[in-house]
Amino acid sequence: MALLKTFFSCLAVVLVLLSACEAREFVVGKEKSWKIPSDSQSSYNDWASSQRFVKGDHLVFKYDGKADSVVEVNYDGYKNCNAQKPYALKSFNDGDTKIKLNGPGPYYFISGNTDNCEKGEKLEVMLVKERHHHISPAPAPTPSTTTTTTTPNQAPAPAPASGGSSLKNGVLGSVAVVFGLGLGFLL
C-alpha cells in the first residue's frame, strides 16, 4: 500500500511539471484590458517587453466589442494605424479575443478604431526562440604540455554527447518511468 501511495505521489509531481511546459495565456496589457492606455507609462509595448512569449502561447484581448476591435496587421498597418486591406491580416470584434501565436513573429495588433490606435492602442509582440534551456557541451580541454604514454591498441575515449532536450521531453520520459515502476509494483 505504501508503494502505491509513493507511485501516485510521484505521478502527481510529474503531471505538475508537465503542465508547466504547456502554452500559456496572457491577458493583454497592464490593466488587463484592450483600450486606449491611461498614460504613457501604460504602453502595450512596455507590457509586452516584460513578457516571454513562445510559440503556442495565446494572447487574450478583453474589450467592449460594440465600441472597439482588434486587428492583426502587418508592419506598415501597425506603423500607420491602418486596419484596411492589404494591411489587415485578421479582424476581431467579439470583446474576448484569443489569438494563438503560431510562428516566430513579430506580431502586430492595433485597434480597429484609427483614433484609438493613434492614441496608443497598439501592440507589437516578439517570440523567444525556445521554451527550454539548452545545455551546451563542455569546451574541449586545452592541449597539455606533458606527454602521456598509451598502449599501442588503446583508443582515445569517445567525446561526450552534446546537446540538450526540452524539459517537456524529459518530463515525458519521467512519466514513462513512473508508469513503468507503478505497473511493476502493481503486478
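Index from 1, following the sequence.
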Query - Least distance between heavy atoms, Ser33 atom then Tyr44 atom - result: O-OH, 2.8 Å

Report task. Using atom types as modelled and distance alone, determine if a side-chain donor or acceptor of Trp47 lies under 3.5 Å from a backbone N or O of Glu31. Result -> no

Report task. For the residue pair Tyr107 and Phe109, categorise the inter-ring angle as parallel (less than 30°), tilted (30 to 60°) or perpendicular (more than 60°). Result -> parallel

Query - Residue pair Pro106 / Met126: nearest heavy atoms and the distance that separates them - result: CB-SD, 3.1 Å

**Report entry** Heavy-atom pair with the smallest gap, counting every atom of Ile110 and Cys81
**Finding:** CD1-C, 3.9 Å

Report task. Kindly determine whether Val125 and Leu101 satisfy side chain to side chain contact (heavy atoms under 4.5 Å, CB included), including the steps that lead there. Result -> CA-CA 9 Å; Val125 172; Leu101 303 174; 4.2 Å; yes

Report task. Any chance you could measure Asp57, atom CG, to Arg52, atom CZ, to the nearest 0.5 Å? Result -> 10.5 Å

Query raised in the report: Please walk me through it: do Leu127 and Val54 pass side chain to side chain contact (heavy atoms under 4.5 Å, CB included)?
Result: CA-CA 5 Å; Leu127 275 59; Val54 296; 5.7 Å; no

Query raised in the report: If you count the non-hydrogen atoms of other residues, nucleotides and ligands that lie under 6.0 Å from CD in Gln51, is the total more than 12?
Result: yes

Query raised in the report: Does atom NZ of Lys90 have more than 12 heavy-atom neighbours from other groups under 6.0 Å away?
Result: no

Query raised in the report: With Ser111, which of Asn116, Val71, Leu123 fulfils side-chain contact (heavy atoms from CB on, under 4.5 Å)?
Result: Asn116

Query - Side-chain H-bond candidate by donor/acceptor type, Thr97 with Tyr63, under 3.5 Å - result: yes

Query raised in the report: What is the minimum heavy-atom distance between Asn74 and Pro86, and which atoms define it?
Result: ND2-O, 3.9 Å

Report task. Find the distance between NZ (Lys79) and SG (Cys117) and round it off to the nearest 0.5 Å. Result -> 13.0 Å

Report task. Please report the C-alpha distance between Phe92 and Ile99 in whole Å, then the side-chain angles of each, then the deciding distance to 0.1 Å, and finally whether the side chain to side chain contact (heavy atoms under 4.5 Å, CB included) criterion is met. Result -> CA-CA 10 Å; Phe92 309 90; Ile99 298 173; 3.6 Å; yes

Query raised in the report: Atom CZ in Phe61, atom CG in Asp94: separation rounded to 0.5 Å?
Result: 11.0 Å

**Report entry** Greater than 12 external heavy atoms within 6.0 Å of Tyr87's OH
**Finding:** no

Query raised in the report: Do side-chain atoms of Asn113 reach the backbone of Asp115 as a donor and acceptor pair under 3.5 angstrom?
Result: yes

Query - Lys100 versus Gly56, closest heavy-atom pair with distance - result: CE-CA, 3.9 Å

Requested in this report: Verify, without hydrogens or angle tests, whether Asn45 (side chain) and Glu124 (backbone) share a donor-acceptor contact under 3.5 angstrom.
Outcome: yes

Query raised in the report: Which pair of heavy atoms, one from Ala83 and one from Ala88, lies closest together, and at what distance?
Result: O-CB, 3.2 Å

Requested in this report: Would you verify whether the NZ or CZ of Lys122 falls within 45 degrees of the ring axis of Tyr108 while also being under 6.0 Å from that six-membered ring's centre?
Outcome: no

Query - Lys35 bridged to Glu121 by N-O distance under 4.0 Å - result: no

Report task. Could you walk me through whether Arg24 and His58 pass side chain to side chain contact (heavy atoms under 4.5 Å, CB included), step by step? Result -> CA-CA 6 Å; Arg24 299 164 296 162; His58 293 88; over 6 Å; no

Report task. Ignoring hydrogens and angles, tell me if any N or O in the side chain of Asp96 forms a donor-acceptor pair with the backbone of Lys62 under 3.5 Å. Result -> no

Report task. Would you please indicate yes or no on a ring centroid separation below 6.0 angstrom for Phe53 and Phe26? Result -> yes

